[in-house]
Amino acid sequence: MPLYLYNTLTRQKELFTPYKPPYVGLYVCGPTVYGDPHLGHARAAITFDVLFRYLTYLGYKVRYVRNITDVGHLEGDADEGEDKILKKARLEKVEPIEIAHRYTALYHKAMDALNVLRPSIEPAATAHIPQQIAMIERILARGYAYVVNGSVYLDIERYRQDFPYGILSGRSVEELLAGTRELEGQGEKKNPWDFALWKRAEPTHLMQWDSPWGRGFPGWHIECSAMSIHYLGLPFDIHGGGLDLVFPHHEAEIAQAHACFGPEAQHQARFWIHNNLVTIEGQKMSKSLGNFITVEEIFTGTHPKLTRAYPPMALRLLILQAHYRSTLDFSEEALLGAYRAYLRLMSAYQRLKEVSPGSHSDFSVQAWREKVFAALDDDLNTAAALALFFSQIEDILRLRRRELFLLPEDLTLLQNTWQEVLEKILGLTFPPQVSWVNWQKVVELLIQLRRQARLEKNYGLADLLREELSGAGVRLMDFPDETLWELSA
RNA sequence: GGCGACGUGGCCGAGCGGUUAGGCACGGGUCUGCAAAACCCUCUACGGGAGUUCGAAUCUCCCCGUCGCCUCCA
């Protein structure tokens with residue numbers, strides 16, 4: 001079945017085919033590691049996790065590269081602000097790399113909980129300085145950049161003579177000019193829309209490297225060009241990221257690739273795919289608005305907008321119930337709804353495993369299955385695919401009650417489809433991790449029951465409870481006035 | 001100001017000319033020791049206006065409103 005994906009570059013859905021089958025090169029802009037992972041990170045990661053999983057399911061040999069940006073990402077107006085990681089390090093009086101490592105670890109922890117698969121390669125910008133410098137040198141040699149006071153800028157005016165600038169975001173340089181604010185401190189640049197490939201570092205700057213232009217550090221956009229091309233070649237198949245990266249980040253990447261490699265670069269990637277943003281009460285979630293929610297806050301229920309904790313799969317389902325190119329408006333009500341929907345889905349999945357086959361089939365599993373894959377093939381419409389599962393739940397319950405029947409091969413196909421699509425492709429896990437608190441409550445309750453049984457000298461029941469608990473990995477120890485328990489293998 | 005999205009029932013959210021999308025919530029009922037689950041029923045929308053069409057949430061135009069990008073952000 002052919003997979004169609006929406007390509008930001010062409011603004012339409014296109015049939016996806018790899019450049020060099022069966023290999024697929026997928027590059028996604030990962031986090032700049034200077035803060036806690038939030039709902040936006042979760043949405044991007046889950047979106048491309050599903051794409052990665054689906055491409056793999058379809059039989060492609062996917063190399064999935066997702067970077068860690070740990071240098072060069074400046075705050076505030078272009079080329080004037082302070083490096084985000086550096087600022088955090090300065091505030092906390094630690095090494096920048098400590099900041100990077102800490103937030104990388106937190107990112108991994110959050111994404112692991114959401115069952116987001118690790119990419120094949122996760123390169124850090126600071127580990128690829130030579131590749132970035134090499135690219136900049138080549139861009140300079142080809143005449144598309146200039147050096148000023150130890151900094152290097154891409155010369156958009158020169159670039160435009162040979163390549164169109166703004167094709168991804170649909171902007172023209174004239175429009176950019178009209179929209180450019182009067183900014184101070186851009187004196188180094190020939191034109192305000194030029195962007196930095198390399199920045200000179202003051203001696204006190206904490207992160208700096210030797211370069212042909214003196215001590216400095218790379219610009220924000222060059223690391224993604226360098227690392228994606230280094231690991232995936234040129235052009236590679238898919239470049240992804242959040243919608244907010246379209247301009248200037250991805251536009252700059254395309255320019256860098258062309259400036260460095262010429263027309264061969266072919267826009268660096270053949271498909272540019274962008275997930276839409278998460279909004280809170282209709283507004284973009286962002287630090288400056290103070291309305292962002294971290295993934296951890298969802299799991300612990302500690303955000304002021306939340307009244308309780310939610311398991312990771314509730315969030316994963318919420319995200320998958322919207323199409324990735326639509327904005328997703330977050331609210332606790334919506335999250336709670338997704339959590340309940342998840343529990344219902346899980347329950348139905350369990351029931352499905354208990355169904356026994358019949359001597360005829362009352363409905364076509366194949367037709368249903370084709371609809372599911374048609375939805376996935378239609379630009380990864382996970383919402384539509386999930387709806388097909390939900391609307392089948394009634395039939396599953398009837399199958400189990402033996403009011404409906406399926407031949408053995410149809411039943412197997414149905415069960416396999418649930419497993420393949422929900423678990424393998426959509427990455428939902430069943431069952432959810434029961435919280436330790438709830439687990440404790442259940443064990444305590446059983447112990448209480450057993451205590452009652454012992455008081456009534458119902459030792460048969462008491463022993464049964466102890467044996468069953470033991471089988472479930474809970475070891476009981478009776479003392480005169482209390483019963484202690486611990487986990488056992 | 002430029003570019004681009006979007007406005008669907010209480011909430012979230014599919015939909016791309018002709019079926020009830022789906023989830024959650026709400027109300028009534030069956031069942032049940034109580035409850036839950038399950039099942040049945042109720043509600044059943046498409047910002048406003050005009051147009052195209054046998055037929056429009058879906059196409060065209062106008063208006064209103066919301067949001068994103070244009071400066072860092074997934």
Side-chain angles (χ1 to χ4, degrees), chain A residues 8 11 13 28-32 34-35 37-48 66 69 73-84 87 107 166 169-172 174-181 183 186 192-193 195 220 240-249 251 274-279 281-289 292 314 317-345 347-348 351 371 375 378-379 381-394 397-398 400-401 403:
Chain A
T8 305
R11 289 161 207 281
K13 289 180 197 172
V28 174
C29 288
T32 298
Y34 72 105
H38 53 64
L39 292 180
H41 292 114
R43 188 172 195 196
I46 287 170
T47 296
F48 292 103
R66 188 184 62 203
T69 296
H73 203 158
L74 306 182
E75 292 199 315
D77 290 327
D79 307 323
E80 270 305 295
E82 188 175 7
D83 184 290
K84 293 181 173 200
K87 181 181 180 184
Y107 182 75
S169 56
R171 287 182 169 76
S172 70
E174 286 71 21
E175 286 160 4
L176 286 174
L177 232 193
T180 302
R181 300 180 198 168
L183 296 175
Q186 303 217 90
W193 54 85
F195 57 86
W220 175 37
L243 195 61
D244 49 354
L245 295 178
V246 173
F247 191 92
H249 187 57
E251 200 71 75
H274 296 95
N275 64 277
N276 213 135
L277 309 179
V278 176
T279 58
E281 287 161 0
Q283 285 218 303
K284 178 181 173 176
M285 196 179 72
S286 75
K287 291 205 169 181
S288 53
L289 289 171
F292 73 99
L317 187 64
L318 176 70
I319 288 170
L320 293 176
Q321 276 191 302
H323 184 87
Y324 76 90
R325 284 194 292 116
S326 301
T327 52
L328 171 59
D329 197 40
F330 179 88
S331 66
E332 175 160 41
E333 200 180 355
L335 180 60
L336 179 61
Y339 181 33
R340 290 188 172 144
Y342 165 71
L343 293 176
R344 182 148 175 264
L345 199 61
S347 174
R351 298 286 173 272
K371 283 189 208 165
D378 182 16
D379 195 28
N381 195 336
T382 55
L386 279 166
L388 286 161
F389 282 87
F390 281 112
S391 50
Q392 196 186 53
I393 289 178
E394 275 186 36
L397 298 175
R398 288 205 177 88
R400 188 167 173 283
R401 275 187 259 121
E403 293 168 17

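Quick caveat: nothing in here was measured; it's all calculated off a predicted structure. To find a chain, count down the sequence lines: A is the first, B the second, and so on, and within it residues start at 1.
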**Student:** Just one of A/N381, A/N276, A/N275, A/D379 clears the side-chain hydrogen bond (donor to acceptor under 3.5 Å, both in side chains) bar with A/Y324, so which one?
**Tutor:**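 Filter result, single survivor: A/D379.
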**Student:** From the list B/G10, B/G23, B/C69, which nucleotide is the closest neighbour of the side chain of A/K284?
**Tutor:** B/C69
**Student:** Return the value, rounded to whole Å, for the distance between atom CG of A/L335 and atom C1' of B/G23.
**Tutor:** 13 Å
**Student:** Please check this pair: side chain of A/S347 against backbone of A/L343, looking for a donor-acceptor N/O pair closer than 3.5 Å.
**Tutor:**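 Answer holds: no.
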**Student:** Reckon A/L386 touches a base, only the sugar-phosphate, or nothing at all at heavy-atom distances under 4.0 Å?
**Tutor:**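 The answer is nothing, as A/L386 stays clear of every strand by at least 4.0 Å.
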**Student:** Nearest of B/C39, B/G22, B/G4 to any side-chain atom of A/F390?
**Tutor:**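 Nearest to the side-chain atoms of A/F390, counting from C-beta on, is B/G22.
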**Student:** Between B/G1 and B/A50, how far apart are the two P atoms, rounded to whole Å?
**Tutor:** 28 Å
**Student:** Across the strands shown, which category fits A/R398 at heavy-atom distances under 4.0 angstrom: base, sugar-phosphate, nothing?
**Tutor:**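 Since only primed, P, OP1 and OP2 atoms lie under 4.0 Å of A/R398, the category is sugar-phosphate.
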**Student:** With a 3.5 Å limit on both atom pairs, tell me what B/C54 is paired to, counting Watson-Crick and G-U wobble, or say none.
**Tutor:** B/G18
**Student:** Please pick, from B/C12, B/C70, B/A14, the nucleotide with the shortest atom-to-atom distance to any side-chain atom of A/L328.
**Tutor:** B/C12
**Student:** Please classify the nucleic acid contact of A/H249 as base, sugar-phosphate, or nothing, using heavy-atom distances under 4.0 Å.
**Tutor:** nothing
**Student:** If you measure from the C1' atom in B/G29 to the same atom in B/G10, how many Å do you get, rounded?
**Tutor:**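 B/G29 and B/G10 have their C1' atoms separated by 22 Å.
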**Student:** Could you please name the option among B/A25, B/C40, B/G10 that lies closest to any side-chain atom of A/R340?
**Tutor:**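 The nucleotide sitting nearest to the side chain is B/A25.
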**Student:** Using atom C1' in both nucleotides, what's the gap between B/G17 and B/U58 to the nearest angstrom?
**Tutor:**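 One C1' to the other, the span is 6 Å.
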**Student:** What is the distance, rounded to the nearest whole Å, between atom CG of A/L320 and atom C1' of B/A14?
**Tutor:** 14 Å
**Student:** Could you tell me whether A/G242 contacts a base, only the sugar-phosphate backbone, or nothing, with contacts defined as non-hydrogen atoms closer than 4.0 Å?
**Tutor:** sugar-phosphate
**Student:** Using Watson-Crick or G-U wobble geometry with both distances below 3.5 Å, tell me the partner of B/C24, or none.
**Tutor:** B/G10
**Student:** Look at the side-chain N and O atoms of A/S326 and state whether any lies under 4.0 Å from the OP1 or OP2 oxygen of B/C6.
**Tutor:**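 The answer is no; no side-chain N or O of A/S326 sits under 4.0 Å from OP1 or OP2.
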**Student:** Could you please name the partner base of B/U32, counting Watson-Crick and G-U wobble pairs only when both distances are under 3.5 Å?
**Tutor:** none
**Student:** Rounded to whole angstrom, note down the P distance from B/G7 over to B/G13.
**Tutor:**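 Straight-line distance between the two P atoms is 10 Å.
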**Student:** For residues A/H274 and A/R325, report the shortest heavy-atom separation together with the two atoms involved.
**Tutor:**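 Nearest pair, atom of A/H274 first, then A/R325: O-CG, 3.7 Å.
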**Student:** Between B/C63 and B/C26, how many Å separate the two C1' atoms, rounded to a whole number?
**Tutor:** 35 Å
**Student:** Does a nitrogen or oxygen in the side chain of A/Q283 sit under 4.0 Å from OP1 or OP2 of B/C67?
**Tutor:** yes
**Student:** How far does the C1' atom of B/C12 sit from the matching atom of B/A21, given to the nearest Å?
**Tutor:** 14 Å
**Student:** With a 4.0 Å cut-off on heavy atoms, is A/K371 in touch with a base, just the backbone sugar-phosphate, or nothing at all?
**Tutor:**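 Since no nucleic acid heavy atom lies under 4.0 Å of A/K371, the category is nothing.
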**Student:** Touch check for A/V28, heavy atoms < 4.0 angstrom, all strands: base, sugar-phosphate only, or nothing?
**Tutor:**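 No contact at all - A/V28 keeps every heavy atom at 4.0 Å or more from the nucleic acid.
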**Student:** How many angstroms lie between atom CG of A/L39 and atom CG of A/L277, to the nearest 0.5 angstrom?
**Tutor:** 12.0 Å
**Student:** Evaluate side-chain contact (heavy atoms from CB on, under 4.5 Å) for A/H38 paired with A/M285, printing each intermediate quantity in order.
**Tutor:** CA-CA 9 Å; A/H38 53 64; A/M285 196 179 72; 3.4 Å; yes
**Student:** Taking the C1' atom of each, how far is B/G2 from B/A14, in whole Å?
**Tutor:**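 Their C1' atoms lie roughly 32 Å apart.
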**Student:** Between B/C70, B/A14, B/G23, which nucleotide gets closest to the side-chain atoms of A/F247?
**Tutor:**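 Selected nucleotide: B/C70.
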**Student:** Just the rounded figure in Å: distance from C1' of B/G13 to CZ of A/R43.
**Tutor:** 11 Å
**Student:** Given atom CD of A/E251 and atom P of B/C3, what is their separation to the nearest angstrom?
**Tutor:**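 Rounded to the whole Å, the gap is 16 Å.
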**Student:** Look at the side chain of A/T32 and decide which nucleotide, out of B/A14, B/A74, B/C72, has an atom nearest to it.
**Tutor:**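 Closest of the options to the side chain of A/T32: B/A74.
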**Student:** Reckon A/P37 touches a base, only the sugar-phosphate, or nothing at all at heavy-atom distances under 4.0 Å?
**Tutor:** nothing
**Student:** Please lay out, stage by stage, how A/R171 and A/W193 fare under the test side-chain contact (heavy atoms from CB on, under 4.5 Å).
**Tutor:** CA-CA 12 Å; A/R171 287 182 169 76; A/W193 54 85; over 6 Å; no
**Student:** Taking the same atom, P, in B/G55 and in B/C6, what whole-Å distance lies between them?
**Tutor:** 26 Å
**Student:** Assess A/R66 against A/F48: is NZ or CZ under 6.0 Å from the centre of the six-membered ring, and within 45 degrees of the ring's axis?
**Tutor:**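 So A/R66 doesn't make the cation-pi contact.
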**Student:** Please state how far atom CG in A/L245 lies from atom P in B/C70, giving the value in whole angstrom units.
**Tutor:**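 Distance, rounded to whole Å: 10 Å.
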**Student:** Quick one: pull up CG in A/L317 and CZ in A/R344 and give me the separation to the nearest 0.5 Å.
**Tutor:** 12.0 Å
**Student:** Taking pairing as Watson-Crick or G-U wobble with both contacts under 3.5 Å, can you name the mate of B/A45, or confirm there isn't one?
**Tutor:** none
**Student:** Checking base pairs now: Watson-Crick or wobble, both atom distances under 3.5 Å. What partners B/C67?
**Tutor:**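 B/G4 is the nucleotide pairing with B/C67.
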**Student:** Are A/R171 and B/C69 close enough that a side-chain N or O sits under 4.0 Å from OP1 or OP2?
**Tutor:**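 Answer is no, no contact under 4.0 Å.
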**Student:** Contact class for A/T47 (heavy atom, under 4.0 Å): base, sugar-phosphate, or nothing?
**Tutor:** nothing
**Student:** Is there a donor N/O on one and an acceptor N/O on the other, under 3.5 Å, for the side chain of A/R344 and the base of B/C24?
**Tutor:**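 Absent.
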**Student:** Any chance CD of A/E403 has more than 12 other-residue heavy atoms, nucleotides or ligands included, within less than 6.0 Å?
**Tutor:**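 Check passes, neighbour count above 12.
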**Student:** Could you work out which one of B/C12, B/C72, B/A38 sits closest to the side chain of A/R401?
**Tutor:**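 Nearest nucleotide to the side chain: B/A38.
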**Student:** Is A/N381 close enough to B/G15 that one of its side-chain N or O atoms is under 4.0 Å from OP1 or OP2 there?
**Tutor:** yes
**Student:** Base, sugar-phosphate or nothing for A/A341? Non-hydrogen atoms, less than 4.0 Å.
**Tutor:** sugar-phosphate
**Student:** Can you measure A/I393 atom CD1 to B/C39 atom C1' for me and round it to whole angstrom units?
**Tutor:** 14 Å
**Student:** Where each residue is assigned the nucleotide of RNA chain B containing its nearest heavy atom, which of A/R351 and A/H38 is assigned the position nearer the 5′ end?
**Tutor:** A/R351
**Student:** Between A/A384 and A/A375, what is the shortest heavy-atom contact and its length?
**Tutor:** CB-CB, 4.0 Å
**Student:** Output the single nucleotide from B/A74, B/G22, B/A14 whose closest atom is nearest the side chain of A/M285.
**Tutor:**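 The answer is B/A74.
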**Student:** What is the nucleic acid contact for A/S347, judged by heavy atoms within less than 4.0 Å: base, sugar-phosphate only, or nothing?
**Tutor:** nothing
**Student:** What nucleotide among B/C11, B/A74, B/A38 has an atom nearest to a side-chain atom of A/S331?
**Tutor:**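 Between B/C11, B/A74, B/A38, the one nearest the side chain of A/S331 would be B/C11.
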**Student:** Starting the side chain at C-beta, find the nucleotide from B/C16, B/A74, B/G4 nearest to A/R11.
**Tutor:**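 The answer is B/G4.
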**Student:** What is the separation between atom NE2 on A/H41 and atom P on B/C72, rounded to the nearest whole Å?
**Tutor:**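 Atom NE2 in A/H41 sits about 16 Å away from atom P in B/C72.
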**Student:** Would you kindly give the CZ-to-C1' distance between A/F389 and B/A21, to the nearest whole Å?
**Tutor:**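 Rounding to the nearest Å, CZ of A/F389 and C1' of B/A21 are 15 Å apart.
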